[in-house]
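Report on the structure given below.
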Amino acid sequence: MTPLLEVRNLKKHFPVRGGLLRRVVAQVRAVDGVSFSLAAGQTLGLVGESGCGKSTLGRAILQLQRPTSGEVLLDGTELTTLDPRGLHAMRRSMQIIFQDPYASLSPRRTVAQTIREPLEVHGIGTPAERERRVEELLGVVGMRTAVMDRYPHEFSGGQRQRIGIARALALDPKLIVADEPVSALDVSVRAQVLNLIARLQREMGIAFLFISHDLSVVEHVSDRVGVMYLGRIVEMAPAQELYRQPRHPYTEALLSAVPVPDPTRKARRIVLGGDVPSPMNPPPGCPFHLRCPKVMETCRSVTPPVVEVGTSGASHQVACHLHA
């Protein structure tokens, strides 16, 4: 099967300037050589600690931040080399759901204006057709058409996120990057929004890149899960296999921190020592070796290759010397 999205050795480095002449003195390696593929209608969950590069990767894929190097192919089209006109046309196929529903909606636009804007920007339909499309999208996300003329401040966080999802759906995209779409919501509202995203993926065949730091959330919406650390994906596998049998020590530590909904079971928590290294000065060898409880001498100097470790026939990749 030809993948909808292919990411090849993608890097996004931010220059650090200093001195009187503001010369570049260092680089922040926010995304440092990420590769993966995503099939149409599937959801790839991306997890990791704050600051590991998840959101930057999502924005670089959508070309909201132009990558430093690497390739991004969406439906066979290379995005990183497109001029503004070509990129504008491709934006109909890719959209984003932002993390903060309180900041991502303009307070001066009504619900109808917010959802209708993508249609107007791309010149789709007549005014009457756009109005009908707005009504249709509100129904899709579980909101009444009576709210069309109201403003964002009149809604709860969950309702605002539903409006953001409706806006992302307006152009019938093939790919949606959901950047921590439930982290700013109350726990009681998260399940509703997650169920909505899962239903949209199932019924409309949209591919999702679901970014989150909450592994318990990612487990329920993802077909595959990638684990990021310091700008790199250190493990990727089908969701059930990764949660059942993690292979990378960092993944094991993350999963050990997930609360167990059983008071009779005592979880074995893996506490990592030290802090996450600076992406401006990443350590040599394995980026995780300074905190790894299973570190070996080779980890300190040799970057581990990405190898296949799956035994069930599904692709399970890990970058760790324990499996090299």
Side-chain angles (χ1 to χ4, degrees), residues 43 50 54-56 58-59 61-65 84 87-201 203-204 206 208-214 217 221:
T43 298
S50 297
K54 305 184 300 296
S55 294
T56 302
R59 291 171 179 268
I61 289 171
L62 297 177
Q63 308 302 300
L64 296 178
Q65 295 173 329
L87 193 57
H88 175 78
M90 286 299 297
R91 293 215 180 278
R92 291 184 61 173
S93 299
M94 54 184 186
Q95 291 294 308
I96 185 170
I97 301 171
F98 292 98
Q99 175 178 356
D100 187 357
Y102 295 91
S104 62
L105 301 178
S106 171
R108 300 187 179 187
R109 288 180 174 269
T110 64
V111 171
Q113 290 172 332
T114 296
I115 300 174
R116 191 169 58 234
E117 183 181 17
L119 302 172
E120 294 172 341
V121 168
H122 288 270
I124 298 174
T126 64
E129 289 171 339
R130 293 168 187 165
E131 202 73 9
R132 287 195 295 271
R133 178 63 172 157
V134 171
E135 294 176 357
E136 176 190 346
L137 289 167
L138 285 172
V140 168
V141 300
M143 298 189 71
R144 296 176 292 110
T145 56
V147 306
M148 290 175 60
D149 295 325
R150 293 167 61 182
Y151 289 87
H153 72 270
E154 302 178 64
F155 298 97
S156 67
Q159 291 172 318
R160 293 188 196 194
Q161 197 61 292
R162 288 174 185 268
I163 296 168
I165 293 172
R167 176 177 59 185
L169 294 172
L171 299 174
D172 285 324
K174 298 177 181 178
L175 169 70
I176 291 180
V177 174
D179 186 8
E180 305 227 24
V182 296
S183 64
L185 305 179
D186 293 337
V187 174
S188 60
V189 181
R190 290 185 184 184
Q192 300 174 18
V193 175
L194 288 173
N195 289 336
L196 171 61
I197 290 175
R199 178 169 61 82
L200 293 173
Q201 188 247 13
E203 295 179 357
M204 305 179 71
I206 300 171
F208 277 88
L209 178 62
F210 192 96
I211 297 170
S212 179
H213 63 273
D214 190 337
V217 167
V221 298

message = Tell me whether Arg162 contacts the main-chain N or O of Val141 through its side chain, where contact means a donor paired with an acceptor under 3.5 Å.
response = yes
inquiry  = Run the side-chain contact (heavy atoms from CB on, under 4.5 Å) test on Ile197 and Phe208 for me, step by step, so that the C-alpha distance in whole Å, both residues' side-chain angles and the decisive distance to 0.1 Å come before the verdict.
reply    = CA-CA 9 Å; Ile197 290 175; Phe208 277 88; 3.9 Å; yes
request  = Could you tell me which non-hydrogen atom of Pro101 sits nearest to which non-hydrogen atom of Leu185, and how far apart they are?
outcome  = CG-CD2, 4.0 Å
ask   = In chain order, what residues pass the side-chain contact (heavy atoms from CB on, under 4.5 Å) check against His122, with sequence neighbours excluded?
value = His88, Arg91, Arg92, Ile124, Leu171
remark   = Closest non-hydrogen contact found for Thr114 with Pro118 is O-CD, 3.6 Å
request  = Calculate, to the nearest 0.5 Å, the distance between atoms CD1 and CD belonging to Ile61 and Gln63 respectively.
outcome  = 9.0 Å
query = Of the non-hydrogen atoms in Arg144 and Leu138, which two are nearest, and what is the gap between them?
reply = O-CD1, 4.0 Å
note = Rounded to the nearest 0.5 angstrom, the CD1-CG distance for Ile165 and Leu196 is 4.5 Å
task = Answer yes or no: is there an ion pair linking Arg133 with Glu136, defined by an N-O contact shorter than 4.0 Å?
result = yes
note = For Gln201 and Ile206, the nearest pair of non-hydrogen atoms, with its separation, is CG-O, 3.2 Å
request  = Determine yes or no for a side-chain-to-main-chain donor-acceptor pair under 3.5 angstrom, with Gln161 supplying the side chain and Val182 the backbone.
outcome  = no
task = Specify the closest pair of heavy atoms between Leu137 and Ala166, including all atoms of both residues, with the distance to one decimal.
result = CD1-O, 3.7 Å
message = Does Arg167 form a side-chain contact (heavy atoms from CB on, under 4.5 Å) with Ser104? I'd like the steps, not just the answer.
response = CA-CA 11 Å; Arg167 176 177 59 185; Ser104 62; 4.0 Å; yes
key: Reported CE-to-CE distance for the pair Met143 and Met148, which is rounded to 0.5 angstrom   = 11.5 Å
request  = Among Asp179, Ile97, Ile176, Leu194, find the one that has a side chain to side chain contact (heavy atoms under 4.5 Å, CB included) with Phe210.
outcome  = Leu194
key: Pair Gln99-Ser183, side-chain donor/acceptor within less than 3.5 Å   = yes
query = Could you give the distance from OG (Ser55) to CD (Gln65), rounded to the nearest 0.5 Å?
reply = 9.5 Å
query = Donor-acceptor pair, Glu154 side chain versus Tyr151 backbone, under 3.5 Å?
reply = yes
request  = Evaluate the side-chain contact (heavy atoms from CB on, under 4.5 Å) criterion for residues Arg190 and Asp214: first the C-alpha distance (whole Å), next the side-chain angles of each, then the deciding distance (0.1 Å), finally the verdict.
outcome  = CA-CA 12 Å; Arg190 290 185 184 184; Asp214 190 337; 3.7 Å; yes
ask   = Counting distance only, does the side-chain N/O of Arg116 pair as donor-acceptor with the main-chain N or O of Arg130 below 3.5 Å?
value = no
remark   = Heavy-atom closest pair (Arg160 atom, His153 atom, distance to 0.1 Å) is NH2-CA, 3.4 Å
query = Which distance, rounded to the nearest 0.5 Å, do you find between the OG1 of Thr110 and the CD1 of Ile115?
reply = 9.0 Å
